[in-house]
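Read through the structure below, which is laid out as C-alpha cells, and then see the notes.
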Amino acid sequence: MAWTEEPTPATRASVETRPRLLVVGPLPPPPGGGETVTKVLIESSLKEKYELRHFDTSRRVSKETMGHWTLANARWALRYYSQFRRVVREFRPDIVHLPIASNKPATIRDALFSATAARYGAKIVMHNHSGHFAERWEQAGKLWRSFVRKHLSRASAMVCLTPFWKEFFDGLHIGFLTEVIYNPVNRAICEPKGLPELKHVGDRIGGEFPRVSFTLVGGRIGDRNRFKSLCSAEAFAAACDRLYQRVLAGGRG
C-alpha cells in the first residue's frame, strides 16, 4: 500500500485546512489505463490543493488472472478491504476517487470500498475504466443489477471517458453527477512516423485536438514517457478538481 509523504509540523496547519482526498487505484507496471490515470492524479498539482493520499491496489500478477473467481483473488480482496477500512477510518477523507470495474469479483471488492467510504461520510467520485460495463449490465440478472445499483448509488459523481458512457450512466437514473473528462491528444502526434495506430482516430474525429479515451492511450500504448507527450496530465487533473469542487459543494445530478 503506497502513501504520499506525511506533512511536516511546519506545514501541518495549512494541510489541515485543505480537503482530504484519497485516490484509490493501481500503479504501473503493468501499463494500463487505470494505472496511468492513478499515477497522473497522485503526481499532479492536486496534492497542493488537497491533503492527498493514495491507496495502492496494484497486483504484480498477470492480468489474465484478474476478474476470475480464484482463491488468490479472494485473498487479495479481503486483504485490500481490511487495509482500506483502516485507512479510511484513520484518514477520514472528504473525497474518495474510486475506479470501478465491471467483472463480478472486482465489483464486489469495489462495493466493499464504496460502502466503507460512505459509512465514514466521504463523498465518492467513481471512475469507469471498463469498456464492458454496458454489455455486462445488459446480460446481468435482476439480483446482480440490484447489487450494482446499490454500489453505484453511493457515488456523488461518475467520471466518464466518452459521451457514450455519460449517456449510459445517466440512463440508469441513479442521481449522481456525470462528467465526461476526455484525454486530449495532439493531432500532429497521430502521424505515421509517430503513432500510426492513432492516425485513424484523428482522421475520424477531426479538429486540432481529437479526444480519445484513457483506455486507448493508457492501455494500448501504456508507456509513461509517450503518454506524457500525448496528453495534458494537468488538464485531466484540473478537470477532476472542478468535479471534486462541485461534489464538495453538494452537487448530485
Side-chain angles (χ1 to χ4, degrees), residues 21-26 32-34 37-38 41 55 57 66-69 77 80-81 84 88 93-183 205 211-219 236 239-253:
L21 170 63
L22 180 62
V23 176
V24 180
V37 166
T38 301
L41 289 176
F55 183 80
T57 58
M66 296 183 182
H68 297 284
W69 296 104
Y80 282 138
Y81 171 59
F84 183 81
V88 172
D94 297 294
I95 296 178
V96 174
H97 188 110
L98 179 66
I100 60 170
S102 61
N103 65 74
K104 289 185 176 181
T107 298
I108 293 173
R109 176 206 61 198
D110 295 343
L112 291 173
F113 287 172
S114 67
T116 300
R119 178 184 177 186
Y120 285 93
K123 300 285 188 179
I124 303 170
V125 175
M126 295 186 179
H127 192 154
N128 177 46
H129 292 285
S130 173
H132 303 286
F133 202 104
E135 176 185 357
R136 288 170 175 165
W137 175 264
E138 293 300 325
Q139 296 173 350
K142 183 177 180 180
L143 185 61
W144 181 251
R145 283 193 181 190
S146 178
F147 176 82
V148 174
R149 287 187 69 88
K150 179 65 175 179
H151 164 48
L152 297 180
S153 71
R154 301 183 185 114
S156 293
M158 177 72 70
V159 176
C160 307
L161 298 179
T162 66
F164 168 84
W165 289 111
K166 176 175 172 57
E167 182 179 353
F168 171 78
F169 284 109
D170 284 343
L172 297 182
H173 302 292
I174 293 177
F176 45 55
L177 291 165
T178 55
E179 187 80 10
V180 178
I181 302 182
Y182 291 103
N183 180 31
I205 300 177
R211 298 191 277 195
V212 298
S213 74
F214 264 103
T215 301
L216 177 63
V217 175
F236 180 84
C240 287
D241 177 40
R242 288 192 292 272
L243 181 58
Y244 299 158
Q245 294 301 321
R246 293 171 66 192
V247 167
L248 287 172
R252 273 185 71 94

Looking at side-chain heavy atoms only, is the closest gap between [X] and [Y] below 4.5 Å?
| X | Y | value |
| --- | --- | --- |
| Pro26 | Thr38 | yes |
| Pro99 | Val24 | yes |
| Val88 | Pro93 | yes |
| Val159 | Val125 | yes |

Please table the atom pairs, donor to acceptor, closer than 3.5 Å between any side-chain atom in residues 105-122 and protein atoms at least two apart or in another chain.
from   : atom 1 : to     : atom 2 : distance (Å)
Thr107 : OG1    : Ala101 : O      : 3.3
Thr107 : OG1    : Asn103 : O      : 2.8
Asp110 : OD2    : Ala101 : N      : 3.0
Ser114 : OG     : Ala111 : O      : 3.0
Ser114 : OG     : His151 : ND1    : 2.9
Ser114 : OG     : Arg154 : NH1    : 2.9
Thr116 : OG1    : Leu112 : O      : 2.9

State, to 0.1 Å, how close [X] and [Y] come at their nearest heavy-atom pair, and which atoms those are.
| X | Y | result |
| --- | --- | --- |
| Trp144 | Lys104 | CZ2-CG, 3.5 Å |
| Ala157 | Val247 | CB-CG2, 3.7 Å |
| Met158 | Phe176 | CB-CE1, 3.9 Å |

Side chain to side chain contact (heavy atoms under 4.5 Å, CB included) evaluation trace for Tyr244 with Asp94 = CA-CA 10 Å; Tyr244 299 158; Asp94 297 294; over 6 Å; no
Spatial distance of atom [atom1] ([X]) from atom [atom2] ([Y]) [nearest 0.5 Å]:
| X | Y | atom1 | atom2 | result |
| --- | --- | --- | --- | --- |
| Leu152 | Trp137 | CG | CH2 | 7.0 Å |
| Arg246 | Leu177 | CZ | CG | 5.0 Å |
| Ile100 | Ile124 | CD1 | CD1 | 11.0 Å |
| Leu243 | Leu248 | CG | CG | 9.5 Å |
| Lys123 | Ile95 | NZ | CD1 | 9.5 Å |
| Lys142 | Arg145 | NZ | CZ | 11.0 Å |

Show me, pair by pair, the donor-acceptor contacts under 3.5 angstrom made by side chains of residues 163-172, not counting sequence neighbours?
from   : atom 1 : to     : atom 2 : distance (Å)
Lys166 : NZ     : Asp170 : OD2    : 3.4
Lys166 : NZ     : Thr178 : O      : 3.1
Lys166 : NZ     : Thr178 : OG1    : 2.7
Asp170 : OD1    : Thr178 : OG1    : 2.7
Asp170 : OD2    : Thr178 : OG1    : 3.4

request  = Would you mind checking if Glu179 and Arg242 are paired as a salt bridge, meaning a charged N to carboxylate O distance below 4.0 Å?
outcome  =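 Not counted as a salt bridge, because no side-chain N and carboxylate O are separated by less than 4.0 Å.
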